[in-house]
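Have a look at the structure below, then the notes.
Heavy atoms only: backbone and side chains are in, while hydrogens, waters and symmetry mates are out. No experiment lies behind these values; they were computed from the predicted model shown. Each ligand, and each atom within it, is numbered from 1 in the order the structure gives.
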Amino acid sequence: MAARQDLSPTEGDPPADEFPTKILEYLHGFYISKTVFTACELGVFDVLLAAERPMSAEEISQAVGASLDGTQRLLAACGGLQLLNVHQDGEQVFYSNTNQARVYLTSSSPRSLYHCTQYSSKTIYRCWNYLTDAVREGRNQYEKAFGVSSKDLFQAIYSSDEEMVRFMQMMNYIWNICGKAVVTAFDLSPFKDICDLGGCTGALAKHFTSAYPECNVTIFDLPKVACTARQHFVNEADQRIRFHEGDFFKDPLPAADLYMLARILHDWTDERCIELLSRIYKACKPGGSVLLVEALLNEDGSGPLTVQLYSLNMLVQAEGRERTAAQYTTLLAGAGFTNIQHRLTGRLYDVVLGHKDEAK
Ligand code: SAM
Ligand code: ASE
């Protein structure tokens with residue numbers, strides 16, 4: 001596009017001496033993401049946690065195996081981002097984790113988001129490199145970004161065993177932050193047999209059994225996911241959590257009085273969602289329910305910004321979209337569910353509940 005040669009102001013232009021703070025912040029947004037991803041990947045926050053005392057740039061660079069100059073710049077930026085405390089001692093500078101970094105960015109913290117940073121850095125960032133193509137073509141960019149066929153969505157997402165474990169870790173950890181709010185948004189204590197379709201690592205299932213001591217949860221997922229979850233994530237000594245392997249579009253669904261679908265429908269087109277919900281409706285006991293756990297868009301699409309951005313991510317990475325409560329209600333009603341209600345949790349993921357009538 002040719003630049004406008006005539007420099008006379010157009011009506012509505014900001015003043016010529018204005019500094020475009022917000023626009024510049026947007027231009028540099030990915031510098032911030034990448035700084036955080038790299039500090040996590042190198043183990044800066046982990047090393048500082050293990051040391052239990054402030055460390056110099058020299059000590060940190062040696063501990064993480066990186067150049068001194070690069071480490072100094074990275075540490076300075078982490079200081080600017082308020083992820084590290086900077087202690088000045090005469091000529092010497094020492095760094096320590098801020099409370100936020102210690103709790104959310106060290107890899108072994110119970111509320112760690114470390115694995116989310118690594119999945120974002122290694123997978124999502126690569127897909128977003130092709131956001132322009134995704135918008136033009138209206139489809140995901142697995143083929144360009146990773147050279148794998150995207151015909152079967154989860155075959156692409158699980159392009160290797162290592163990639164599958166990375167995805168599962170990323171999925172697992174967000175529930176450390178908002179799992180409890182999600183499972184308690186409605187009183188689900190009347191339900192005893194829960195089936196968590198696409199339940200992945202079982203993280204939400206664990207929140208379920210701790211919030212509702214009398215329930216049993218069956219986690220339904222693809223065989224290799226269930227196998228990895230058993231090995232790495234769920235202790236099956238918890239008698240109330242079981243795995244059931246299968247394909248929810250093809251195989252019989254276990255009997256249950258509550259089916260949970262957390263971050264499932266947003267992966268798929270409306271057609272596939274209705275196909276899946278109709279199968280659930282058929283399997284569901286009369287008087288039973290289905291619980292959707294999704295990040296809801298405002299009815300007019302005006303926000304929240306995070307969910308608008310997640311919807312772009314569903315474009316580059318999946319086949320679906322983020323939706324409003326009314327859109328989920330239409331999908332549920334299309335499959336036969338009634339008395340559909342939703343609750344906002346204020347914590348990214350919200351819930352929609354639909355019922356299957358007693359009489360039917
Ligand atoms: N519910 C989990 C959560 O919110 O953390 C995981 C959501 S993840 C986006 C989608 C899950 O659906 C994955 O665990 C994936 O393996 C599973 N999945 C995808 N296609 C499936 C299919 N055809 N049958 C069963 N599970 C499937
Ligand atoms: C999916 C969820 C996610 C499929 C791919 C995904 C998430 C990241 N990649 O069902 C979690 C939500 N986060 C974002 C950034 O969209």
Side-chain angles (χ1 to χ4, degrees), residues 33 37 113 115-128 131 134 140-142 145 150 152-159 161 163-179 182-183 194-208 217-229 233-234 243-254 259-268 272-273 275-276 279-280 291-295 297 304-323 348-351:
S33 302
F37 300 163
L113 294 172
H115 292 288
C116 299
T117 68
Q118 295 313 289
Y119 188 78
S120 290
S121 187
K122 299 193 167 88
T123 302
I124 298 181
Y125 190 83
R126 248 167 98 169
C127 289
W128 278 64
L131 180 61
N140 76 55
Q141 296 298 309
Y142 264 96
S150 57
D152 178 330
L153 176 61
F154 276 85
Q155 209 162 309
I157 289 179
Y158 301 149
S159 56
D161 287 350
E163 185 62 21
M164 182 180 73
V165 172
R166 256 210 300 268
F167 179 84
M168 292 175 72
Q169 287 174 324
M170 179 270 298
M171 281 290 149
N172 192 61
Y173 282 93
I174 195 70
W175 301 124
N176 296 340
I177 313 292
C178 50
V182 159
V183 300
I194 322 295
C195 178
D196 186 0
L197 292 167
C200 204
T201 63
L204 208 48
K206 283 186 234 167
H207 280 284
F208 227 99
V217 184
T218 303
I219 300 165
F220 186 101
D221 213 304
L222 299 167
K224 64 177 182 178
V225 175
C227 178
T228 306
F233 294 95
V234 169
F243 281 94
H244 186 120
E245 300 176 2
D247 179 330
F248 52 46
F249 286 117
K250 295 194 187 121
D251 296 318
L253 303 179
Y259 292 88
M260 180 155 70
L261 290 168
R263 298 190 283 183
I264 303 299
L265 296 188
H266 78 164
D267 289 331
W268 306 104
R272 294 230 86 187
C273 289
E275 190 185 325
L276 178 56
R279 300 193 86 231
I280 296 169
L291 182 78
L292 309 181
V293 179
E294 298 282 0
L297 279 171
L305 173 62
T306 307
V307 187
Q308 294 167 327
L309 297 173
Y310 277 19
S311 201
L312 279 176
N313 192 51
M314 287 301 104
L315 178 67
V316 296
Q317 269 215 289
E319 295 176 8
R321 60 191 314 112
E322 304 300 348
R323 297 179 175 90
L348 185 53
Y349 290 103
D350 307 300
V351 290

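With rounding to the nearest 0.5 angstrom, the OG atom of Ser121 is 5.5 Å from the CZ atom of Phe37. With rounding to the nearest 0.5 angstrom, the CG atom of Asp267 is 13.5 Å from the CZ atom of Arg321.
Remark: distances from the non-hydrogen atoms of Leu204 to ligand 1 are all 4.0 Å or more. At least one heavy atom of Gly246 sits less than 4.0 Å from an atom of ligand 1.
Listed by number with element, the atoms of ligand 1 under 4.0 Å from a non-hydrogen atom of Val225 are 16 (O). Heavy-atom contacts of Ala262 reach the following atoms of ligand 1: 1 (N), 2 (C), 3 (C), 4 (O), 7 (C) (cutoff under 4.0 Å). Here is the list of ligand 1 atoms found below 4.0 Å of a heavy atom in Phe167: 8 (S), 9 (C). Ligand 1 places these atoms under 4.0 Å from at least one heavy atom of Ile264: 10 (C), 11 (C), 12 (O). Of all atoms in ligand 1, listed by their number and element, those nearer than 4.0 Å to a heavy atom of Phe249 are 23 (N). The distance from ligand 1 to the heavy atoms of Trp175 drops below 4.0 Å at these ligand atoms: 3 (C), 4 (O), 5 (O). Remark: ligand 1 atoms within the under-4.0 Å shell around heavy atoms of Cys200 are 2 (C), 6 (C), 14 (O).
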Problem set entry | side chain to side chain contact (heavy atoms under 4.5 Å, CB included) between Glu163 and Thr123, intermediate numbers included | CA-CA 9 Å; Glu163 185 62 21; Thr123 302; 2.6 Å; yes
For this session: Verify side chain to side chain contact (heavy atoms under 4.5 Å, CB included) between Leu348 and Thr306, making sure each step is shown before the conclusion.
Result: CA-CA 8 Å; Leu348 185 53; Thr306 307; 3.9 Å; yes
Exercise. Taking it one step at a time, do Arg166 and Met170 satisfy side chain to side chain contact (heavy atoms under 4.5 Å, CB included)?
Worked result: CA-CA 6 Å; Arg166 256 210 300 268; Met170 179 270 298; over 6 Å; no
For this session: Evaluate side chain to side chain contact (heavy atoms under 4.5 Å, CB included) for Leu222 paired with Phe248, printing each intermediate quantity in order.
Result: CA-CA 8 Å; Leu222 299 167; Phe248 52 46; over 6 Å; no
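Protein heavy atom at the shortest distance from atom 17 (C) of ligand 1 is Asp221 OD1, 3.3 Å. Of all protein heavy atoms, the one lying nearest to atom 9 (C) of ligand 1 is Arg263 O, 3.3 Å. Among all non-hydrogen protein atoms, the one lying nearest atom 15 (C) of ligand 1 is Tyr158 OH, 3.1 Å. Regarding atom 2 (C) of ligand 1, its nearest protein heavy-atom neighbour is Gly198 O, 3.3 Å.
Residue Phe248 has at least one N or O atom closer than 3.5 Å to an N or O atom of ligand 1.
Two residues are said to be in side-chain contact when any heavy atoms from C-beta on lie closer than 4.5 Å; Val293 and Arg263 fail this criterion.
Taking the six-membered ring where tryptophan is involved, the planes of Tyr310 and Tyr349 are tilted, since the angle between them lies from 30° to 60°.
Each of Gln317, Arg126, Gln155 was compared with Tyr142 under the side chain to side chain donor-acceptor pair (under 3.5 Å) criterion, and only Gln317 meets it.
For the salt bridge (charged side-chain N to carboxylate O under 4.0 Å, His left out) test, no residue two or more places apart in sequence or in another chain qualifies with Lys224.
Enclosure of atom CG in Asp161 is not indicated, since only 12 or fewer non-hydrogen atoms of other residues, nucleotides or ligands lie within 6.0 angstrom. Remark: Arg279 CZ is packed, more than 12 non-hydrogen atoms of other residues, nucleotides or ligands lying under 6.0 Å away.
In the candidate list Ile174, Asp247, Asp267, Leu265, Asp247 is nearest to atom 23 (N) of ligand 1, counting heavy atoms.
The distance between the ring centers of Phe249 and Trp268 falls below 6.0 angstrom.
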Pairs of nitrogen or oxygen atoms, one from ligand 2 and one from the protein, closer than 3.5 Å: please tabulate them with distances.
| residue | atom | partner | partner atom | Å |
| --- | --- | --- | --- | --- |
| ligand 2 | 9 (N) | Asn313 | ND2 | 3.4 |
| ligand 2 | 9 (N) | Gln317 | OE1 | 2.6 |
| ligand 2 | 10 (O) | His266 | NE2 | 2.6 |
| ligand 2 | 10 (O) | Asp267 | OD1 | 2.5 |
| ligand 2 | 10 (O) | Asp267 | OD2 | 3.3 |
| ligand 2 | 16 (O) | Asn313 | ND2 | 3.0 |

